[in-house]
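FYI, side chains are in, hydrogens and waters are out, and symmetry mates aren't considered; it's all heavy atoms of this structure. Model, not experiment: these values are computed from the prediction.
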Amino acid sequence: MAIFMPRITQAKKVLRRSFSNGSNTSASMDIPKGYFAVYVGEEEKRRFVVPLSLLSQPSFQELLHLAEEEFGYSHPMGGLTIPCSEDVFADIASRYGAL
């Protein structure tokens, strides 16, 4: 089983940067320990809170790669934005018990 650590490290950098802006908004406060928020959708973005264990799954790592190609490290929602439909994300996340 291969785990692509560079992608996990990149995702952690994005998350760290999005949470380090100093704001204590309710959106960032309602994320339990061991979870992170992602924004998913093609037109309107929907927020999902998923377990960190999802970062090690190959199919989720492919979504991270797509996010890197489309947004780099500048995510428009201030958090990790995944450029796919909600249905595709829900399918991938539910396979690993994340939803």
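- When side chains are defined from C-beta on, L52 counts as touching F36, because their heavy atoms get closer than 4.5 Å.
- Between I92 and S59, the shortest heavy-atom contact is CG2-OG, 3.4 Å.
- Residues R47 and D30 form a side-chain contact, since some pair of their non-hydrogen atoms from C-beta on lies under 4.5 Å apart.
- Within a 6.0 Å radius of CD in E69, more than 12 heavy atoms belonging to other residues, nucleotides or ligands are found.
- Side-chain N/O atoms of H65 and Q61 include no donor and acceptor closer than 3.5 Å.
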Return a table of donor-acceptor pairs under 3.5 angstrom between the side chains of residues 82-90 and protein atoms on other chains or two or more places apart.
| residue | atom | partner | partner atom | Å |
| --- | --- | --- | --- | --- |
| S85 | OG | V88 | N | 3.2 |
| E86 | OE1 | R46 | NH1 | 3.3 |

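- Between F71 and the choices L66, L80, T81, the side-chain contact (heavy atoms from CB on, under 4.5 Å) rule is met once, by T81.
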